[in-house]
Amino acid sequence: MSGKYKLLSNVYFLGMFATIGGMLFGFDISSMSGAVGTDQYQNYFNHPSSSLQGGIVASMPAGSFFGALMAGPLGDRISRRRTIMLASCIWIVGSIIQCASVGVGMLIVGRIINGIAVGLASMIVPVYQSEIAPKEIRGRIVSLQQWAITWGILIQYFIQYGCAYIKSNAAFRIPWGIQVVPGVILLAGISLFPYSPRWLADQDRWDEALEVLANLRAGGNKNDPTVQAEYKEIEEVIRFDRTQVARSYVELFRKPNLRKVFLGMTLQSWSQLTGMNVAMYYIVFIFQGAGYSGNANLQASSIQYVLNVVMTIPAILFIDRWGRRPVLLIGSTFMALWLFLIGGLMGKFGSPADLEGNSTTTWAIKDNPSASHAVIACSYLFVCSFAISWGPVSWTYPAEIYPLRIRSKAVSLSTASNWAFNFALAYAVPPLLQSIQYKTYYIFAAFCVAMTIHVFFMFPETKGRTLEEMEELFNSDIPAWKTQALPRSHLDQDIENIRHQNQMADGTIGAGAEKEEVVTPTGEKTEVSSQEGFPTALQTPVV
Ligand SMILES: OC[C@H]1O[C@](O)(CO)[C@@H](O)[C@@H]1O
């Protein structure tokens with residue numbers, strides 16, 4: 001392979017670059033946070049009422065919901081790669097419309113269009129990443145998506161913060177205009193990227209699939225045992241898939257897919273029900289409740305966005321070693337703890353508050369710096385607990401559990417669930433904070449307890465399995481809490497077999513048919529000649 005294309009076959013580079021799609025998501029989350037507080041914005045749009053402002057904010061997640069649903073069929077039909085290109089184009093158009101808005105109507109149209117782009121990208125980027133990544137680092141590569149989201153939130157927050165100091169009447173437009181830049185970079189970059197090898201194989205473009213796989217895994221060597229074994233597995237699964245029911249949304253809700261589809265959708269819904277986006281959208285209100293105002297509030301908020309970026313890094317580095325289940329379980333247990341503490345501290349040390357010019361914060365801690373600091377500390381710890389766990393895993397898990405024939409549509413549904421709850425909470429939280437004040441945190445804490453129980457009993461461990469093996473894992477009767485200790489992936493054994501066969505063909509080792517013990521899915525032990533290789537992908541070597 002020519003050196004020029006080296007980068008374009010480096011999984012880290014491809015995975016990292018594709019996450020610019022995730023960055024758009026982050027931009028989207030904080031694209032209003034700074035603008036709404038400026039006089040220029042308020043005067044230009046005639047001081048939108050709070051419900052109109054709510055509509056302006058929520059128009060983006062609403063667009064994203066539909067974008068995520070559209071991404072599934074598009075990803076199958078025009079390819080993952082072209083869907084990312086399409087998302088970039090739509091994003092550029094939406095950003096230009098927002099930046100040039102001459103009224104609320106145009107602003108909302110621009111935000112809906114941007115939302116559609118984000119919905120498309122938020123669904124298809126993790127699918128593309130998971131399909132190009134080898135199983136050993138798949139969790140890490142897909143987690144980059146969440147990292148990019150956190151960067152997007154942070155960068156956009158600071159751009160808006162900075163623009164609030166520019167005296168021009170048009171300053172509030174600058175952050176929306178700047179959004180065009182990542183869209184153009186993503187479009188230009190992705191147009192040079194390879195197609196997903198799994199998508200190519202599914203289109204019967206087998207030679208190209210093998211070529212891309214060889215480039216991604218072995219510097220272009222198609223005979224490399226790793227490439228051969230993975231290619232063989234993809235081929236087996238696609239042939240098997242074709243004997244199954246036709247691909248349609250209806251199939252998603254039938255056995256054996258229903259369980260996986262339900263898990264993917266609930267995982268994404270739970271990730272929103274942790275209350276993390278309350279911390280992202282309404283952090284100013286939380287800190288007002290803790291007794292912070294003005295600049296102190298803005299600085300405290302920015303620390304939280306920085307923590308969100310920093311604490312996603314350990315997840316990226318270690319997710320493939322730690323596994324998905326422990327990370328989810330520990331994350332939600334701690335989040336429940338911090339939320340109960342925030343609610344408890346506010347309940348004990350707070351009192352009804354009538355904050356001038358703000359109708360949302362009706363309960364606050366006054367003149368008790370220790371209690372205020374404790375609430376802020378818990379809120380930071382909450383963000384850290386989310387960033388290291390549910391943030392990345394809520395993307396990794398759905399992108400890896402579905403078979404190819406339904407992957408695109410099923411990830412569409414799980415991503416759309418994220419957006420549906422994102423939208424609902426963006427609306428529901430201000431009135432909740434106003435009416436039941438600090439008790440709102442107890443509701444989210446209770447959700448965190450519920451999700452911990454749900455994960456413990458229902459979510460199998462997926463670390464180190466190939467995408468093709470998931471079928472077997474989810475259809476087995478092994479209880480979820482025992483899946484952590486299952487034997488290693490059979491792909492590793494297949495690779496060893498191919499290597500062994502190659503050595504025999506080379507004459508490097510003797511022709512004696514060594515016997516190896518394997519366990520079939522039904523639990524029987526049997527001896528297989530390693531000379532023959534493993535006849536099907538369904539055997540699991542004894543470890
Ligand atoms: O990092 C926080 C962000 O992460 C997400 O949950 C996506 O995984 C967003 O909804 C949220 O704003």
Side-chain angles (χ1 to χ4, degrees), residues 20 22-48 50 52-61 63 88 91-115 117-118 148-186 277 279-288 292-309 357-358 360 426:
I20 295 176
M23 200 175 275
L24 307 185
F25 185 148
F27 268 56
D28 180 343
I29 298 275
S30 54
S31 63
M32 265 290 153
S33 53
V36 279
T38 64
D39 289 343
Q40 295 97 323
Y41 170 89
Q42 291 293 343
N43 292 339
Y44 191 84
F45 291 105
N46 273 333
H47 297 267
S50 59
L52 184 55
Q53 184 56 46
I56 297 173
V57 171
S59 54
M60 194 98 109
S88 321
W91 173 264
I92 294 169
V93 172
S95 301
I96 293 172
I97 295 179
Q98 269 202 82
C99 180
S101 308
V102 291
V104 168
M106 189 167 165
L107 181 60
I108 290 182
V109 170
R111 286 180 65 77
I112 292 176
I113 295 177
N114 269 22
V118 170
I149 295 175
T150 61
W151 271 108
I153 297 175
L154 182 73
I155 294 171
Q156 177 68 302
Y157 179 81
F158 278 117
I159 293 176
Q160 300 223 350
Y161 190 49
C163 288
Y165 288 99
I166 299 178
K167 290 277 171 288
S168 155
N169 278 346
F172 66 88
R173 297 179 189 277
I174 299 174
W176 300 338
I178 290 179
Q179 295 188 145
V180 169
V181 178
V184 171
I185 297 176
L186 183 62
N277 261 332
M280 294 290 114
Y281 289 134
Y282 302 118
I283 184 68
V284 174
F285 299 151
I286 300 178
F287 286 4
Q288 276 172 353
Y292 278 52
S293 58
N295 269 353
N297 192 326
L298 284 177
Q299 279 153 16
S301 317
S302 61
I303 292 176
Q304 140 159 316
Y305 293 126
V306 173
L307 284 175
N308 194 20
V309 171
N358 185 302
T360 303

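In this chain, numbering begins with 1 at the start of the sequence shown.
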Asker: From the options I96, I185, V93, select the one residue that forms a side chain to side chain contact (heavy atoms under 4.5 Å, CB included) with V180.
Answerer: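 Among I96, I185, V93, the one that satisfies the side chain to side chain contact (heavy atoms under 4.5 Å, CB included) with V180 is I96.
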Asker: Output the distance between atom CG (D39) and atom NE2 (H47), rounded to the nearest 0.5 Å.
Answerer: 7.5 Å
Asker: Would you give the length of the straight line joining atom CD1 of I29 to atom OG1 of T150, rounded to the nearest 0.5 angstrom?
Answerer: 11.5 Å
Asker: To the closest 0.5 Å, what do you measure between OG (S302) and OH (Y157)?
Answerer: 5.0 Å
Asker: Where do Q156 and S30 come nearest, in terms of heavy atoms and distance?
Answerer: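 Shortest heavy-atom contact: CB-OG, 3.3 Å.
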Asker: If I take atom CZ from residue F27 and atom CD1 from residue I153, how far apart are they, to the nearest 0.5 angstrom?
Answerer: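 It is 11.0 Å, given to the nearest 0.5 Å.
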Asker: Under the criterion side-chain contact (heavy atoms from CB on, under 4.5 Å), I'd like the reasoning laid out for M280 against N308: C-alpha separation, chi angles, the key distance, then a yes or no.
Answerer: CA-CA 10 Å; M280 294 290 114; N308 194 20; 3.8 Å; yes
Asker: Where do P182 and I20 come nearest, in terms of heavy atoms and distance?
Answerer: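 Nearest heavy atoms, P182 then I20: O-CG2, 3.6 Å.
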Asker: Measure the shortest side-chain to side-chain distance between N114 and Q98 over non-hydrogen atoms and say whether it is less than 4.5 angstrom.
Answerer: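 Sidechains of Q98 and N114: in contact.
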Asker: Determine the minimum heavy-atom distance between C99 and G177, stating which atoms define it.
Answerer: SG-CA, 3.7 Å
Asker: What orientation do F172 and Y41 show, parallel under 30°, tilted 30 to 60°, or perpendicular over 60°?
Answerer: perpendicular
Asker: Which pair of non-hydrogen atoms, one from I56 and one from S59, has the smallest distance, and what is that distance?
Answerer: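 Residues I56 and S59, closest heavy atoms: O-OG, 2.7 Å.
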Asker: Can you name the closest pair of heavy atoms from M23 and W151 and give their distance?
Answerer: CE-CB, 4.2 Å
Asker: Would you check if the side chain of W176 reaches a backbone N or O of S31 as a donor-acceptor pair within less than 3.5 Å?
Answerer: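 Side chain of W176 to backbone of S31, a donor-acceptor pair under 3.5 Å: yes, one is there.
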Asker: What are the two closest non-hydrogen atoms of V118 and W91, and how far apart are they?
Answerer: CG2-CZ3, 3.4 Å
Asker: Please answer whether the main-chain N or O of G63 pairs with a side-chain N or O of R111 as donor and acceptor at a distance below 3.5 Å.
Answerer: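 No; zero donor-acceptor contacts below 3.5 Å.
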Asker: Can you measure from OG (S95) to CD1 (I113) and round to the nearest 0.5 angstrom?
Answerer: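 Interatomic distance, S95 OG to I113 CD1, rounded to 0.5 Å: 10.0 Å.
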Asker: Could you check whether any side-chain N or O of Q40 sits under 3.5 Å from a backbone N or O of R173, counting only pairs where one atom can act as donor and the other as acceptor?
Answerer: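 Answer holds: no.
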Asker: Mind checking the OH-OG spacing from Y44 to S101? Nearest 0.5 Å is all I need.
Answerer: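 OG of S101 is found 8.0 Å from OH of Y44.
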